[in-house]
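Contents: one structure, followed by commentary.
Here the structure is a predicted model, which is why all the values come from computation and not from measurement. Positions are given from 1 along the sequence. Scope of the values below: all heavy atoms of this structure, side chains included, with no hydrogens, waters or symmetry mates.
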Amino acid sequence: MKQRTIESQTFKIERLDHGVLSMPNRTRNINSDLDKYKAEQAAVAKEKYDLSKACFKDDKEKAQAMFAGLEIKHLDDYASRMGIRRSEAKAEIKSYCTWQPKKAIKIIQALMEVEA
């Protein structure tokens, strides 16, 4: 058996034994094993997606509540910093609340802190 080392990783190279490969029991259940593996991976992916979706929904609700608490002076401050009109600033922050709520939360918190 040969060994090769590539960047501190050791790989063992074994010759294929065609007698083992052609055994009927070796490949008989491979489809069911693959189906089980795919089902497990799909369940993990769905759970991850559901968690991400729930977090996004919570952030969106929080951002929209914070947006409702913004005053004209906050929008004027943001507009002057960005070099845009107040109406454009309001539309931009509202868009962030819908599509990028984490970013909207950071912006609104920064605008609130400037006042304090």
Side-chain angles (χ1 to χ4, degrees):
M1 181 175 5
K2 298 179 184 177
Q3 286 188 350
R4 294 186 183 174
T5 304
I6 300 173
E7 297 178 13
S8 74
Q9 294 180 353
T10 304
F11 300 98
K12 294 181 181 179
I13 301 173
E14 297 181 11
R15 294 187 142 291
L16 293 176
D17 184 359
H18 294 287
V20 172
L21 289 176
S22 65
M23 291 177 62
N25 289 336
R26 180 167 171 81
T27 58
R28 181 174 292 158
N29 295 324
I30 196 146
N31 289 334
S32 63
D33 291 342
L34 283 175
D35 291 340
K36 287 178 189 176
Y37 175 75
K38 286 180 184 179
E40 289 172 3
Q41 293 301 314
V44 169
K46 183 180 183 328
E47 184 177 330
K48 185 177 177 183
Y49 172 76
D50 290 342
L51 180 63
S52 173
K53 187 177 176 181
C55 289
F56 182 81
K57 186 177 179 182
D58 292 341
D59 289 341
K60 187 174 179 178
E61 289 173 1
K62 182 179 177 183
Q64 288 175 345
M66 291 175 73
F67 178 75
L70 280 179
E71 297 176 4
I72 292 175
K73 60 184 174 182
H74 297 124
L75 293 173
D76 287 338
D77 184 32
Y78 182 74
S80 66
R81 289 181 186 197
M82 300 303 289
I84 56 179
R85 295 181 307 210
R86 183 189 318 153
S87 61
E88 293 171 340
K90 184 177 180 180
E92 185 173 303
I93 295 173
K94 189 172 185 178
S95 174
Y96 287 151
C97 289
T98 303
W99 302 110
Q100 298 177 12
K102 289 184 180 184
K103 187 175 188 177
I105 291 170
K106 287 180 183 178
I107 291 172
I108 295 170
Q109 285 176 344
L111 290 173
M112 298 284 191
E113 289 174 1
V114 169
E115 178 187 336

Which pair of non-hydrogen atoms, one from A63 and one from C97, has the smallest distance, and what is that distance? O-SG, 3.5 Å
Applying side-chain hydrogen bond (donor to acceptor under 3.5 Å, both in side chains), which residue pairs with at least one partner in residues 43-65 are found, sequence neighbours left out? K46-D50
Test side-chain contact (heavy atoms from CB on, under 4.5 Å) applied to A89 - qualifying residues, sequence neighbours left out: Y78, A79, I84
Provide the closest heavy-atom pair for T98 versus F56 in the form atom of the first, atom of the second, distance. O-CZ, 3.6 Å
For residues M112 and M66, determine if any side-chain heavy atom of one lies less than 4.5 Å from a side-chain heavy atom of the other. no
Side chains of I93 and L75: closer than 4.5 Å at any heavy-atom pair? yes
Only pairs at least two apart or in different chains count here, so list each side-chain hydrogen bond (donor to acceptor under 3.5 Å, both in side chains) that has a residue in residues 99-111. none
Pairwise side-chain contact, H74 with I108, heavy-atom cut-off 4.5 Å (strictly under): no
Kindly state each residue pair satisfying salt bridge (charged side-chain N to carboxylate O under 4.0 Å, His left out) with at least one member in residues 77-89, sequence neighbours excluded. D76-R86, D77-R81, R85-E88
